[in-house]
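Have a look at the structure below before the remarks.
Naming: A, B, ... by sequence-line order, numbering from 1 per chain.
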Amino acid sequence: MGTNNRSYKAEKVIERMGEKLNRQMVTSLAGCVHCGMCIETCHYVLANPGDPTYAPVYKADQIRKIFKRHYDWTGRVFPWWVKSKSIHTDEELEELKDTIFGKCTNCRRCSINCPMGVDYATFNRMARGLLVSVGVMPEGVAVVSKDQWEIGNQMGVLKEEYLDTLDWMQEELQSEFEDPSIKIPVDKQNCDVVYSINPREVKYDPRTIADAAKIFHFAGENWTMPSEGWDMTNFGLFSGDDELGGAVARRLYEKTAELGGKKLVISECGHGYRSTRCEGPNWGAYDVPFEMESSVITMLRYIKEGRIKVDKSKNTTPVTFHDSCNNARSCGLFEEPRELLELVCTDFREMYPNRAENYCCTGGGGAMSMSEYTNRRLKSAKIKADQLKETGASIVVTSCHNCVDGLTDVIRHYKLGMQVTQLVNLVSNALVIEEKVLVPVEEIPEVAELEFTGRKILVADDEPDFVTFISAILEDNGAEVIKAYDGKQALELARLEKPDLITLDISMPGKSGVEVFDDIKKDKELRSIPICIITGKPELRKLIYEHPDSHPQGYIDKPITEEGLILNLRKIFEVGHHDKVKVN
Amino acid sequence: MSDLLHFSEHTLQEFALVFMAIVYTMRIRWLFKFKGGRERQAPTGLPDTTKRKGIMYSWAAIAMPWTMESTRKKAFFYAQFVIFHLGVVAAILLSFLIPYVPSVLKSSAVVLIFQISIGAAFIVGCGRIIRRITSKYVRAISSPDDYFSLILLTVWFGFAFFAVPNNYQQGETVLLTYFILTAFFLMYVPFSKISHYLYYPFSRYWFGKSMGYRGVYPLRRSTKQRGVEYGN
């Protein structure tokens, strides 16, 4: 314990708060009049009527009371009069963690609705950073931050995996257009465009890379992708860790500068765009010597300049647009996506409220990585679900990978039957390519079906609904599925059936997925079977990845999509096939 | 006029004003001891958005209730805000008119205008006290200062209402109480939430500057009114 019987961590949080405060934050902390105008602007409040602990002003007061007690004279002299209060114990820090990580997505909706200009999201992020600096944070935040510090991207994608995926997508494009000149250039010097992406695209959605490459190719762009420093996402925004934010942003800037790129184009990701385009130069104290642009603006520019032609009649399904909070409320990116949608879709339906007033997807602020708050998140998502349903659209488009995951979860939870997609997919689909024969999109699932025909896959998960869901997808794609509902059964069936692949949940009653993984890797007959971890608790993945001997061949976070599952498993089979060929 | 009332109207008020000015100066100095923010990145958003526009919009937002959802959807609450703050302006103005330009209050029309403004603010103040006590949300966020400041202002409005005619010949109690309360109010303000008006220009300046630079301010939205409405 430190001063006044205060714990070491509490002491550090108070001390570091003084270093973090700036004038804007101080006016936000000192200027609140407790008028309550912000209360009903927050989706957490609307979904939890009667619970004042979700009110933005209440949450802000949990930070404000510490500020007042230590940095504001009225709070120092008359603490009880202005409700200022210090923190002393680690338990109090845990309570603060629950509020600032678990009850707010830093969406900034309350900030734009505050008559006083109190920017709660900004000092909530500051408070997150203070807790992170003393190691108090949700486990998922720790895991993802560690990956971004150590591996260079927040999903732990290795360089080989990234480059393999680019190769794979290049091959797909060449095969689709029967044109070997279509390339995904890597580390090409002095290009007009350096394209940076979200690691989620490599992991779960590589078609977005292919779609972007297709657009760059047909626009005649002189472009490249960097072999390193390619991750434009930045967990520093969510964790409040400016040091991480600066380091990640600098990696990207320095690589782009090293390649002599004239413009850094940032793929569709709300927090990635905000971090790279707006916050990174400030966190990293780096004056960026090149231009930066969202890929949404790039695509719109190509159409306006006549570099690509699009036919909106190729996208006739009714679509609506969800504004990413980071794009709309922190970067002013809300008109361009709509303009683009009007050009590539025949039936665009506005969502209300929209633009800077839109509601959060509920997965923002890193919420998707904090599995301990999943129930709370999904309950608060009722507001978004109602908003989506009201549009009557079948597809919700968003320019943010985080929102894709968040909305997919909302849609599944509230059984809305909608699909989520991004602008790059719609633009790619609407491209008019002269004298080229496009392979019909409908044929892609047939390719996937062929991939799994004759494959025997063991699905191990303790949630029966999930096993049924995965099994249906795999069986629809030609696989023979064996189902196990606990670790012991999974091991027995693996020994009995010798499957071609195992999908394994980590958290199972009795024998856990980690133990099953260990046993399989120790078994001479089973150790060659590829394993794909599918878990809803990303923080547990370190149990597997810190395994001294071997790592799983694949990893998917829940919730999963049909497409994501197929792509990942197909990739595991392909890599396995390549490895066998190499060995032979 | 008694010496006590004369002292309260002049010396006491002047002392309170000087005290408030000193504390405010210290407060602003304290604020500027904190580091300023700097945005290194190029501006974002549509070309017609700028820092300057953002600042102007931010300052003016409070007078444009249609721009913020929170004020747009709560027209009645917004009206209360306007009435309450007009009452504050009227009651402060009164504390200068009575000692320095009492002739203005000889006009019954002026008296009526002041009494309507201050009386309406008194009613709103009572409503706000009730809200602060009865609303679960507002009660959860309220500090003793929040209650005291609101009660102080409401009581002050009450005495100001009766002080408007400036009839000290018919008794000085109301005027005396009004001026003592005014002096107390002036000295208490820098230590209470009432000092929010000191922060307002700064907080909205910095927020507007950032939002303008990033293309968020002036806010835009589709004007078509339909869809899910919450918080009404």
Please state whether the side chain, the backbone, both or neither of [X] comes within less than 4.5 Å of a heavy atom of chain A.
{"X": "B/Thr67", "answer": "backbone"}
{"X": "B/Ile141", "answer": "both"}
{"X": "B/Arg128", "answer": "neither"}
{"X": "B/Leu219", "answer": "side chain"}
{"X": "B/Phe32", "answer": "both"}
{"X": "B/Ala61", "answer": "neither"}
{"X": "B/Ser58", "answer": "neither"}

Answer yes or no: is there a side-chain heavy-atom contact under 4.5 Å between [X] and [Y]?
{"X": "B/Val23", "Y": "A/Trp73", "result": "yes"}
{"X": "A/Val45", "Y": "B/Tyr137", "result": "yes"}
{"X": "B/Lys35", "Y": "A/Met25", "result": "no"}
{"X": "A/Ile112", "Y": "B/Phe207", "result": "yes"}

Measure across [X] and [Y] and return the closest heavy-atom pair with its distance rounded to 0.1 Å.
{"X": "A/Met116", "Y": "B/Tyr200", "value": "SD-CD1, 3.7 Å"}
{"X": "B/Phe191", "Y": "A/Thr74", "value": "O-CG2, 3.1 Å"}
{"X": "B/Pro144", "Y": "A/Lys83", "value": "CD-CG, 4.5 Å"}
{"X": "A/Ala328", "Y": "B/Val216", "value": "O-CG2, 3.7 Å"}
{"X": "B/Gln41", "Y": "A/Asn282", "value": "OE1-ND2, 3.2 Å"}

Can we say [X] and [Y] salt-bridge, meaning some charged N sits less than 4.0 Å from an Asp/Glu carboxylate O?
{"X": "B/Glu69", "Y": "A/Arg109", "answer": "yes"}
{"X": "A/Asp119", "Y": "B/Arg204", "answer": "no"}
{"X": "B/Arg214", "Y": "A/Glu279", "answer": "yes"}
{"X": "B/Arg221", "Y": "A/Glu350", "answer": "no"}

In terms of heavy-atom proximity below 4.5 Å to chain B, should [X] be classed as side chain, backbone, both, or neither?
{"X": "A/Thr122", "result": "neither"}
{"X": "A/Cys38", "result": "neither"}
{"X": "A/Phe334", "result": "side chain"}
{"X": "A/Arg64", "result": "neither"}
{"X": "A/Lys20", "result": "backbone"}
{"X": "A/Glu293", "result": "neither"}
{"X": "A/Thr53", "result": "neither"}

Out of curiosity, [X] [atom1] to [Y] [atom2], how far, rounded to the nearest 0.5 Å?
{"X": "B/Phe202", "Y": "A/Thr27", "atom1": "CZ", "atom2": "OG1", "answer": "9.0 Å"}
{"X": "A/Thr41", "Y": "B/Met68", "atom1": "OG1", "atom2": "CE", "answer": "11.0 Å"}
{"X": "A/Tyr273", "Y": "B/Thr44", "atom1": "OH", "atom2": "OG1", "answer": "5.5 Å"}
{"X": "A/Met37", "Y": "B/Tyr78", "atom1": "CE", "atom2": "OH", "answer": "9.0 Å"}
{"X": "A/Asp72", "Y": "B/Trp30", "atom1": "CG", "atom2": "CH2", "answer": "4.5 Å"}
{"X": "B/His196", "Y": "A/Cys35", "atom1": "NE2", "atom2": "SG", "answer": "9.0 Å"}

Max heavy-atom pair count under 4.5 Å with chain A, selected residue of [options]:
{"options": "B/Asp146, B/Thr71, B/Val138, B/Ile62", "value": "B/Asp146"}
{"options": "B/Lys33, B/Lys193, B/Arg139", "value": "B/Lys193"}
{"options": "B/Phe77, B/Tyr213, B/Tyr217, B/Tyr197", "value": "B/Phe77"}

Is there a salt bridge (charged side-chain N to carboxylate O under 4.0 Å, His left out) between A/Glu40 and B/Lys73 once you walk through the steps?
CA-CA 10 Å; A/Glu40 287 173 2; B/Lys73 284 185 173 176; over 6 Å; no

Heavy-atom pair count under 4.5 Å with chain B, highest-scoring of A/Ala356, A/Pro281, A/Pro115, A/Gly117
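The candidate making the most pairs under 4.5 Å is A/Pro115.
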
Using the six-membered ring wherever Trp is involved, compare the ring planes of B/Tyr188 and A/Trp81 and label them parallel, tilted or perpendicular (cut-offs 30° and 60°).
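If you compare the ring of B/Tyr188 with that of A/Trp81, the planes turn out perpendicular.
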
What do the steps show when you test B/Arg220 against A/Glu357 for salt bridge (charged side-chain N to carboxylate O under 4.0 Å, His left out), and what is the final call?
CA-CA 9 Å; B/Arg220 287 160 197 261; A/Glu357 290 190 346; over 6 Å; no

Give me the contact list for residues 45-57 of chain B versus chain A, heavy atoms only, anything under 4.5 Å, ordered by residue number.
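Residues in range: B/Gly45, B/Leu46.
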
